[in-house]
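I have placed the structure first, in the form of structure tokens, so that the comments after it can refer back to it.
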2 protein chains.
Amino acid sequence: MTQERDHPDNVDGLLEGTLSWYIRSLDSLVSRDLDRRMARLPVARGKGKITALLLVDDHPGIRPSAIATVLMRDRPTTGRIVERLVEAGLIRRQVAGDDQRAQSLTVTEQGRTVAAQVRAIIREQERDFFAHIPADERRQFHRILKQSYHVLRAGLT
Amino acid sequence: MTQERDHPDNVDGLLEGTLSWYIRSLDSLVSRDLDRRMARLPVARGKGKITALLLVDDHPGIRPSAIATVLMRDRPTTGRIVERLVEAGLIRRQVAGDDQRAQSLTVTEQGRTVAAQVRAIIREQERDFFAHIPADERRQFHRILKQSYHVLRAGLT
DNA sequence: CAAAAAGGTTGTCTTTTGCAACCAATGCCC
DNA sequence: GGGCATTGGTTGCAAAAGACAACCTTTTTG
């Protein structure tokens with residue numbers, strides 16, 4: 001049987017059908033779509049920027065190093081993300097009151113507005129993307145994802 | 001309650017607790033771990049390389065453009081991945097018999113060996129990483145991932 | 001009080017990826 | 001059959017992300 005001529009639709013079961021492969025592919029699909037949806041916003045082209053903005057919005061006074069931990073990026077990288085958010089006028093950077101070397105990040109008015117838009121888009125995407133999954137399965141899917149994340153994160157040490 | 005001072009452990013439920021966020025983070029964790037495990041192999045540092053090698057191994061005679069489709073990368077990018085695999089002596093690149101402009105890729109002996117090792121590592125990772133999920137849940141998790149992948153891929157058009 | 005550690009910044013380098021342009025072969029269609 | 005669009009691959013930028021090392025400042029520790 002010579003089924004190799006066109007591209008393999010039947011990737012499943014062969015070997016790429018591993019959890020890690022699907023996770024990777026799904027991430028790619030989700031990220032591209034999100035980029036497209038965010039195109040008009042001043043946080044476009046930013047995997048890190050989006051998360052950082054939302055984190056600052058949710059945790060006023062958060063420090064860059066904390067963001068770095070969540071993003072799993074090093075400090076220089078995170079610092080540059082913060083830098084761009086400040087330049088874009090979305091967040092404010094002040095010296096932390098209790099620690100002169102640290103910074104306290106807060107959203108600006110515009111930042112709050114954009115954050116709200118970002119959230120809306122994310123929820124919209126979530127609705128569109130996973131509409132095909134029944135509610136109860138989606139809940140379980142979410143639960144397993146969350147749990148895996150925490151278990152694996154913890155395992156890093 | 002002012003739980004903002006140190007870094008947010010309780011990311012869940014706040015806002016990053018979206019499917020897309022967990023998928024992204026999980027991908028990051030899985031990829032890093034895989035890189036670490038593959039470090040000794042000649043396909044290290046390659047998200048694309050690994051998949052490409054396995055595809056060639058599974059589909060002897062496959063063409064680069066078919067690999068590009070699976071990888072969701074453009075042809076130049078894929079071409080370079082193939083190039084590196086050829087340089088590494090893992091795959092062979094010949095002119096396709098039925099189409100003079102196309103290429104027919106096959107694994108070398110070494111390629112077959114490495115592919116087997118890669119598969120072993122992937123299965124090992126899968127075992128380690130998702131050991132905390134009960135078998136039946138894991139099966140469902142897998143199913144939903146697979147289904148989502150196909151639905152979203154199809155939606156690209 | 002000295003040394004170590006923590007928070008950020010700057011500089012640099014590598015890797016990855018995409019886009020545009022190009023060549024060669026194939027297919028279409030009149 | 002001959003011209004024209006298409007397909008498969010390659011090459012050449014160019015941009016972006018990310019990592020690592022080195023550095024300065026402040027805080028903590030012993």
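What you see is a predicted model, and the numbers here were worked out from it, not measured in a lab. Order of the sequence lines fixes the chain letters, A, B, ..., with proteins taken first and strands second; residue numbering starts at 1 for each chain.
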inquiry  = Less than 3.5 Å apart, any donor N or O on the side chain of S104(A) or R63(A) sitting next to an acceptor on the other?
reply    = no

task = Would you please say whether a donor-acceptor pair under 3.5 Å links the side chains of Q140(A) and Q140(B)?
result = yes

message = If the helix axis at each end comes from five base pairs, how far does the helix from dC1(C)-dG30(D) to dC30(C)-dG1(D) deviate from straight, to 10°?
response = 30°

ask   = So which heavy atom on M72(B) is nearest to which on R32(A), and how close?
value = O-NH2, 2.7 Å

OP1 or OP2 of [N] less than 4.0 angstrom from a side-chain nitrogen or oxygen of [X], does that happen here?
{"X": "S65(A)", "N": "dG8(C)", "answer": "yes"}
{"X": "R93(A)", "N": "dG7(C)", "answer": "no"}
{"X": "T78(A)", "N": "dG8(C)", "answer": "no"}
{"X": "R32(A)", "N": "dG18(C)", "answer": "yes"}

note = side chain to side chain donor-acceptor pair (under 3.5 Å) test vs T106(B) passes for just one of R93(B), R112(B), R92(B), H59(B), namely R92(B)

key: Whole-Å distance separating the CG atom of L71(A) from the P atom of dA19(D)   = 11 Å

inquiry  = What is the distance, to the nearest angstrom, from the CD atom on Q103(A) to the P atom on dA6(C)?
reply    = 18 Å

query = Heavy atom of residues 80-90 of chain A under 4.0 Å from DNA chain C: which residues?
reply = R80(A)

query = So do S20(A) and I122(B) actually touch side chain to side chain, heavy atoms under 4.5 Å?
reply = yes

note = The single option from I67(B), V70(B), T69(B) that satisfies side-chain contact (heavy atoms from CB on, under 4.5 Å) with T78(B) is I67(B)

key: Pairing of R123(A) and D128(A) as salt bridge, 4.0 angstrom limit   = no

key: Per-nucleotide protein contact string for nucleotides 22-29 of chain D, where B marks a base within reach and S marks sugar-phosphate only (heavy atoms under 4.0 Å, - for neither)   = ----BS--

